[in-house]
Amino acid sequence: SDNERADYLNWLLGKDVFDDNRDNITNEAARFLADPLHSKPEVVTFGGTAESPEDVLFYATNMGTLHALDPADGSELWAYLAEDHRPNLREYILAPNSPQHVYGLDGQMTVLTTEANNSSPSDFSLAEAKLYIGERRGGSSYYGFDVSNARIASSTPTQLDGDYDTPFKKLFTIKGVYSGNPANTAN
């Protein structure tokens with residue numbers, strides 16, 4: 001429902017809408033971070049100088065969320081939750097201490113960058129940056145994103161798979177089915 005979607009989005013944005021701490025206050029901040037098991041964070045320098053780089057730290061979690069942080073102050077620039085992993089969100093909200101582990105974007109991340117023509121060692125800049133990530137135990141999909149504008153904080157900082165005002169563009173999703181035999185795969 002629309003109300004459930006709004007509650008989930010507000011929870012992702014750090015609001016205690018479900019009164020997780022049981023203090024009967026639901027408009028306070030509640031921070032939660034799903035585990036980044038199997039996924040290694042990547043730092044991309046988009047520009048700047050050696051003394052003042054313009055970096056973004058990307059990491060993915062088992063909730064199924066790709067995050068972009070400003071490593072200078074730790075603030076979240078934006079996050080993306082793939083539609084396939086919305087059920088993971090429900091699991092984290094309804095059963096946060098469950099012994100059953102939930103897997104999401106738990107594959108290796110790869111970032112490919114192209115340096116701008118006018119870039120120099122004293123004034124570095126990127127022309128573009130593409131990020132690719134897959135799933136291990138979280139599923140069989142691969143995602144590609146153009147994150148060339150990742151340093152621009154979004155007016156919609158958390159995206160639930162759709163067209164919103166975002167500083168990135170989802171390039172593709174490839175869904176695969178693994179049957180145990182590498183010769184038998186379907187897209």
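All values reported here derive from a predicted model rather than from experimental measurement.
Contact detail for Pro71 and Leu57: the closest heavy-atom pair is CD-N, 3.9 Å. Summarising the geometry of Val147 relative to Phe46, their closest heavy-atom pair is O-CE2, 3.3 Å, with the distance given to 0.1 Å. When every heavy atom of Pro53 is checked against every heavy atom of Thr45, the shortest pair comes out as CB-CG2, 4.2 Å. In terms of heavy atoms, Glu42 sits closest to Met109 at OE2-O, 3.6 Å. The two atoms that bring Asp146 and Ala129 nearest to each other are OD1-O, 3.3 Å, heavy atoms only.
Among residues two or more places apart in sequence or in another chain, the ring-ring contact (aromatic ring centres under 6.0 Å, His included) test is passed with Tyr59 by His67. Legend: residues meeting side chain to side chain donor-acceptor pair (under 3.5 Å) with Ser119, ordered by chain and number and at least two apart, are Glu115. Every residue two or more places apart in sequence or in another chain that forms a side chain to side chain donor-acceptor pair (under 3.5 Å) with Asp73 is listed here: Ser75. Taking the side chain to side chain donor-acceptor pair (under 3.5 Å) definition, one finds that Asp23 meets it with Asn21, sequence neighbours left out.
Annotation: the span from Thr110 atom OG1 to Ile133 atom CD1 amounts to 9.0 Å, rounded to 0.5 Å. Note that the OG1 atom of Thr61 and the CG atom of Leu81 stand 8.0 Å from one another [nearest 0.5 Å]. Rounding to the nearest 0.5 angstrom, the gap separating the CG atom in Asn62 from the CG atom in Leu105 is 8.5 Å.
Listed by first then second residue, pairs satisfying salt bridge (charged side-chain N to carboxylate O under 4.0 Å, His left out) with a partner in residues 44-62 number zero, not counting sequence neighbours.
For the pairing with Leu131, the side-chain contact (heavy atoms from CB on, under 4.5 Å) check across Leu112, Leu66, Thr113 returns one residue only, Leu66.
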Just list the side-chain donor-acceptor pairs under 3.5 Å for residues 121-128, sequence neighbours left out, or say none.
| unit_1 | atom_1 | unit_2 | atom_2 | d |
| --- | --- | --- | --- | --- |
| Ser122 | OG | Ser120 | OG | 3.4 |

